[in-house]
Amino acid sequence: MCALIAFVSWGNLSADGMRTFASLGIGKAQGYVLLGDDCMRGGNYSRAVEHYYEALRRGKSYDAAYRLASAYSYTGDVSREVSALLWCVEYYPEQKPPYTQLLLLYPEESARPSAVKEAIAKGYKLFGSLK
C-alpha cells in the first residue's frame with residue numbers, strides 16, 4: 001500500500017512523474033505541457049502541438065495555450081497560432097505577450113483580421129505599449 005501511495009505521489013508531484021503519467025495517457029495537464037516542452041526542444045513541433053492541445057483539453061491554462069501558439073508558429077500554421085493567441089487574450093487578458101505576438105504577426109493594421117484588430121486595440125488600452 002505504501003508503494004502505491006509513493007508511486008501515485010511521484011506521478012502527481014514530480015516533473016518526471018507527471019511526464020511519465022502523461023505519456024501513459026493518465027496524466028494531468030501539467031504533464032502534457034512537460035511532454036510538449038520536450039518535443040519543442042527536440043524540434044518535433046507537430047507532436048508538441050498535440051501535447052499542448054491535450055493539456056488544454058484537460059484544463060484551461062495560459063502556459064499551455066501560449067506554448068501551443070509558439071508550437072504552431074514553428075509548424076508554420078499562422079491561422080492556428082493566431083487562434084491560440086486570441087484564446088490567451090480572451091481568457092488571460094492581463095498577459096501582455098499574446099498581444100505583442102499578434103502585433104508582430106500583423107504589423108500592418110490594414111492586413112489585420114477584425115478579431116486581431118480588436119485584440120491589439122485592447123492590448124494598447126491595457127498596457128499602453130505592446131513592445
Side-chain angles (χ1 to χ4, degrees):
M1 184 63 154
C2 286
L4 178 62
I5 292 171
F7 179 70
V8 170
S9 295
W10 170 79
N12 286 300
L13 300 176
S14 73
D16 287 338
M18 287 186 281
R19 188 181 286 110
T20 300
F21 276 21
S23 69
L24 296 171
I26 58 173
K28 56 186 180 178
Q30 185 58 34
Y32 289 94
V33 169
L34 293 170
L35 288 176
D37 292 349
D38 292 345
C39 290
M40 289 292 285
R41 280 190 294 280
N44 191 347
Y45 307 119
S46 296
R47 189 76 173 130
V49 163
E50 294 172 15
H51 290 306
Y52 294 138
Y53 188 81
E54 181 62 23
L56 282 173
R57 195 181 73 71
R58 291 177 181 258
K60 186 173 78 165
S61 155
Y62 170 77
D63 287 335
Y66 192 70
R67 286 178 166 125
L68 177 63
S70 178
Y72 275 132
S73 76
Y74 281 98
T75 67
D77 193 336
V78 175
S79 67
R80 287 195 171 132
E81 177 185 4
V82 168
S83 291
L85 292 168
L86 291 173
W87 190 92
C88 289
V89 165
E90 181 177 343
Y91 290 100
Y92 298 94
E94 72 284 357
Q95 297 291 332
K96 188 176 181 179
Y99 300 100
T100 302
Q101 187 61 28
L102 287 168
L103 183 60
L104 289 172
L105 287 169
Y106 292 98
E108 295 297 323
E109 187 173 352
S110 62
R112 294 175 191 156
S114 62
V116 172
K117 282 181 189 178
E118 291 171 19
I120 290 172
K122 180 180 178 181
Y124 277 126
K125 186 175 179 182
L126 287 169
F127 301 105
S129 170
L130 295 180
K131 296 184 182 201

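Between Leu35 and Tyr52, every side-chain heavy-atom pair lies at or beyond the 4.5 Å cut-off. At least one side-chain heavy atom of Glu94 sits less than 4.5 Å from a side-chain heavy atom of Tyr92. You'll find the side chain of Tyr74 reaches within 4.5 Å of the side chain of Ser70, heavy atoms only. Contact annotation: the side chain of Arg58 approaches that of Tyr32 to within less than 4.5 Å [non-hydrogen atoms, C-beta and beyond]. By the 4.5 Å heavy-atom criterion applied to side chains, Leu105 and Val116 are not counted as neighbours.
In this structure, the separation between CD1 on Ile120 and CD on Glu109 is 8.5 Å, given to the nearest 0.5 Å. Annotation: the span from Ser73 atom OG to Gln101 atom CD amounts to 6.5 Å, rounded to 0.5 Å. The distance from atom NE2 of His51 to atom OG of Ser46, rounded to the nearest 0.5 Å, is 11.0 Å. Once rounded to the nearest 0.5 Å, the distance linking CG of Leu86 with CD of Glu118 reads 9.5 Å. One distance of note links NZ of Lys28 with CG of Leu34; it measures 10.0 Å at 0.5 Å rounding. With values rounded to the nearest 0.5 angstrom, Leu103 atom CG is found 11.5 Å from Leu85 atom CG.
Proximity of a side-chain donor or acceptor of Lys60 to a complementary backbone N or O of Ala65 within less than 3.5 Å is not detected. Put simply, the side chain of Arg112 never gets that close to the backbone of Leu102: no donor and acceptor are under 3.5 Å apart. With Tyr99 contributing its side chain and Pro93 its backbone, the two residues share a donor-acceptor pair below 3.5 Å. A distance-only check finds no donor-acceptor pair linking the side chain of Thr100 to the backbone of Lys131 [under 3.5 Å].
Residues Leu68 and Leu104 do not share a hydrophobic cluster, clusters being chains of Ile/Leu/Val/Met/Phe/Trp/Tyr side chains in contact below 4.5 Å.
In this structure, Ala71 and Ala48 approach most closely via the heavy-atom pair CB-CB, 4.2 Å. Taking every heavy atom of both residues into account, Leu130 and Lys96 meet most closely at CA-CE, 3.8 Å.
Enclosure of atom OH in Tyr53 is not indicated, since only 12 or fewer non-hydrogen atoms of other residues, nucleotides or ligands lie within 6.0 angstrom.
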Take Trp87 and Leu56 through the test side chain to side chain contact (heavy atoms under 4.5 Å, CB included) and record every step on the way to the result. CA-CA 11 Å; Trp87 190 92; Leu56 282 173; 3.8 Å; yes
